[in-house]
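Quick caveat: nothing in here was measured; it's all calculated off a predicted structure. We count ligands from 1, going down the list as the structure has it; atoms in each ligand are counted the same way.
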Amino acid sequence: MKDSFQMDGQPCKWQRPRKSALRVIEKNFLLSCVLAAATTYLLVGHFWHHPSLDTTTQSGYASLLPEDLEYGLAQCAANQERPAVDHGLASIRLAKPRSGVRTILYHATLIDGDGKVTPDCTIEMQDGIITAVVASSSALDRVSESSDTIKIDLEGRIVTPGLVDIHSHIGIRPTPQLWATEDVTEYSSMATPWGRAIDAIKPNDPAFPVVASGGVTTSLVLTGAKNSMSGEGAVLKMKRAESVYDLLVNLTEAGGKPQRYLKMAMGENQKRQFQNVPGGLVSRQGESFVYRKAYDTARRVKQRQDMWCEAASTALGRASLTEEYPRSLEWQTLVDVLRGDVSLHIHGYETVDILAMFDHSDEFGFNITALHHGLHADSITDEVRKRNIAVVGFTDSWGDKKENYNVTLYFPKRIVDAGIPLALTRDAPALHGQFLIYEAQIAHHFGVSAETAFSSVMAVPARLMGMDNRIGFIRPGYDADLVVWDRHPLRVGAAPLEVFIDGSSVVRASSDLWRRSQDFVTDAPPSRPEAEIKTPVSPVGHADVVLKGIVSSFVGKGGKRGEEIRGSDMTAVIRDGNLVCIGETGCTDAAAEATLAGAPVVQVNNGVVIPGLTIVTRQHGLVEMALEPSTGDGASSGANFDNPPEAQFGLTFGGIHVQSAHHAGVTRIVTPPLTTGFFHGISTRFRAGAKSVLDDGAVSDPNVALHFTIGHEGKGPVTPSVTLQIQKLRELLTTEQPPHSVYRRAARGEIPVVVHVHNKDVIAHMIALKHETNAHIVIMGAAEAHLHADALAKADIPVIVAPFWGCEPLFWDARHCLPGPPLVDALGPQVLVEAGVTVGIASWDTMNNHIQSSIWEAGWLAGPANHSLALDLVTRNVEKALKLSETGDIVVFEGNPFDFGARVALSFEEGRVQSVYPNADATE
Ligand SMILES: *[C@@H]1O[C@H](CO)[C@@H](O)[C@H](O)[C@H]1NC(C)=O
Ligand SMILES: *[C@@H]1O[C@H](CO)[C@@H](O)[C@H](O)[C@H]1NC(C)=O
Ligand SMILES: *[C@@H]1O[C@H](CO)[C@@H](O)[C@H](O)[C@H]1NC(C)=O
Ligand SMILES: *[C@@H]1O[C@H](CO)[C@@H](O)[C@H](O)[C@H]1NC(C)=O
């Protein structure tokens, strides 16, 4: 590996070799620095006697070329100036004459970048900027209809500023990800502050229109986090363009120095990246040295520049200069950080990393703008606030490595409550950038006010980028970036109907979607309730319970799933683990009887009774931190055909991922064994609430299904190609002499065959295989399954989608996924449901933690008016797909479980109450 610090050993590399009386001094940088002032004096004295000599002298001591002097003087002048946010920009823009088409949105409910709501607004835009915002639609009276005016009646729909993602890799890590276009981190050495995102941005990244369709109009594209300092970011609008110049925000429009952004990173990534690189760092000590060494080098360069400028500040001093202004392509960005010209955006999680970085910032005198990710910053809030640093975080992305393990879902709330500015991000494409609003929604669910949730994706990132003079708000003179929403943006499933960037509509939903949106709610959901439920006697362990305050139940008498029963204040009586009565009036006797027999009475608010969820997951019960092998079960190479691994034998209970599933109402989990190849083995359904394998019903269905991964992820030693994978699966299901009897059962359809696959052609091969055998094939993942919706329905092949939004074409295999509204009318799984396919929802992420979102995803897919379908997606459709018996588990939510703002109050498994709030849905 190239040693990035060679530079320091040759501090004069940038100097132009030139004959000079001071040549000898050039060899010794320090001495030259110390002597600069003295030489100025001496040379001034010298020139005093030779007044004919000036800086352009042809002979003598001073020999700087005029252009070098000019360049240096310009740098010295620029060094006096800092980037500033010019709040006069809007009025300068508004004063200019305008000529383009005017677009006027009226009857708009404006929610501004700070969450402030103004009903019945008129918003006018022209020539790329917002030209008027009036809190009344009567303003329209003054607007004459004409060919150069477009008027859009929003009928009360909500308009917000375009969302701002302050941490994106769009354009430098295009999707689908290919080796050829992956340019996110220049990790050729540990510190590459000279990297520049702009040099690698591909404007044809297909993600641009998709991200824009989620309402994201501006992204700060940061370089990656594989090395310690990876380079400067660029601010882009999410437009379609041929040239990167058309995407760039003009950062010099207001005059003055442009805003600049440097990405640095600390923690595990760097250790992981450089551990096997000769001379690379292997520990946090090494990481700190990398930062310090780099800033030390930059400090020296800066010092020399300042001395040069000092010398150049007088005519006679200028005459003394024999060297050009000190330059360093490698370190200038860090010099500019030290000058205060570049804001620092630092990736890191652990407090040890953050505090070490604070120490370096004190040592070298730089400021930090934002801690990115920072998911443990909530335990050092005083220190973070004192330093005026913001946090750029996630709501629920954590769990695959030590540094982001065990993060509280209340992380955003804690940051906000501590008075620290919070921005939320998707780190696109790590998380699909289209759904930035989802972060705000989840933050609001977990206690962040609606105003702050909005500001975390609008005003705050705009401010942190030094751009709150033009984006993040809907104000006259600001960029005309705005989003019309189909429902309240903090509601499950909210999607834009139209997105404007610089005054142009970049996406507009179909008229059908506009029409449907009339029925959607336009008020914010509540946050998840925090008050404790009052129970005189803890019901935990009881098989008899009386529940009061029920408004809806999908569990009928007999404890099985039924049609929804509604009421304003119903009582449910559970005896011996079975729901024996539910209703507003009819259960008085049953309740009295139960109470007499000692059943505790639990009063809930807006109680909704549903069966416990069953979710198929990638590794629950097998892995705690995916990137720490010692915390997991390990993975087979995918070739154990004669001895299929059975997940039931490796299950562990009580890990935080399984707990969080349980807290979210997921009472049963189906997990296949892990593989690095094609054949997983046999999955198991287990109880999320069990303490160990010895508990009642801990492993309720030991052998659920055979699992295979077909596609690039399934390439292992015995199935190095997709061809061989499909061929091997076919052979196992058709051979007379299978290597194990389970394949014979699978061929007869007695045990399901789950195929994890996204690609449409492999899915078609699976449909063909189903026709050829009697196997009960289930497709899982299924990003491209919508292309075969009818054939899947006809062949009676269920599909378990993972993740439900399916359109995360991280890889080539999934590139035909459907991005959903507003680009197209439906998401892939919705197309499948429509075609009559049995659809379930899985949680298949390697971070392992999105399982609590499954029920929202169900509500998202089913739409706000179809709770029955939503419930099926996470309960009986999964059971049906996997031929599992219907669970007898009952979960009681407070609030509508399919939207934000509800919580699990109580869960009933194996005939008794397992947990009750606050334990049922603990906050940690
Ligand atoms: C940015 O704006 C300034 C001021 O209006 C203008 O002079 C300059 O040409 C613009 N730059 C680009 C790249 O459009
Ligand atoms: C750091 O921030 C302080 C307080 O705002 C400011 O005075 C100082 O100039 C900044 N230093 C740099 C290097 O930006
Ligand atoms: C997770 O964090 C909480 C709160 O800090 C702590 O009480 C708990 O023990 C942690 N759990 C694990 C498994 O580390
Ligand atoms: C819910 O969706 C299912 C499946 O598409 C459909 O059969 C049913 O009619 C829908 N119910 C409502 C109330 O829309």
Is any NZ, NE, NH1 or NH2 atom of the basic residue among Arg491 and Asp486 found under 4.0 Å from an Asp or Glu carboxylate oxygen of the other? no
In ligand 4, the atoms that come under 4.0 Å of a heavy atom of Leu869 are 1 (C), 2 (O)
Arg93 versus Tyr478, closest heavy-atom pair with distance: NH1-C, 3.6 Å
Ligand 2 atoms in contact with Leu338 (distance to a heavy atom under 4.0 Å): 13 (C)
Does an N or O from Thr252, backbone or side chain, lie closer than 3.5 Å to an N or O of ligand 1? no
For atom 13 (C) of ligand 4, what's the nearest protein heavy-atom neighbour? Residue, atom name and distance, please. Ala865 O, 4.0 Å
Would you kindly say whether Thr252 and Asn250 are connected by a side-chain donor-acceptor distance under 3.5 Å? yes
Does the distance from a Lys or Arg side-chain N to an Asp or Glu carboxylate O, for Glu363 and Arg292, drop under 4.0 Å? yes
Does either side chain, that of Gln75 or that of Asn79, offer a donor lying less than 3.5 Å from an acceptor on the other one? no
Indicate whether atom 1 (C) of ligand 2 is within a distance of less than 4.0 angstrom of some protein heavy atom. yes
Right, does atom 5 (O) of ligand 2 have protein non-hydrogen atoms nearer than 4.0 Å? no
Assess the side chains of Thr838 and Arg876: does a donor N or O sit below 3.5 Å from an acceptor N or O? no
Among all protein heavy atoms, pick out the one at the shortest distance from atom 12 (C) of ligand 4; state its residue, atom name and that distance to 0.1 Å. Asn866 ND2, 3.2 Å
Check each atom of ligand 2 against the heavy atoms of Gly365 and keep those under 4.0 Å away; list them by number with element. 13 (C)
Can an N or O of Asn367 be found at a distance shorter than 3.5 Å from an N or O of ligand 2? yes
Heavy-atom distance to atom 10 (C) of ligand 1: which of Asn250, Leu251, Ile92 wins? Asn250
Is there a donor-acceptor pair under 3.5 Å between the side chain of His372 and the backbone N or O of Met264? no
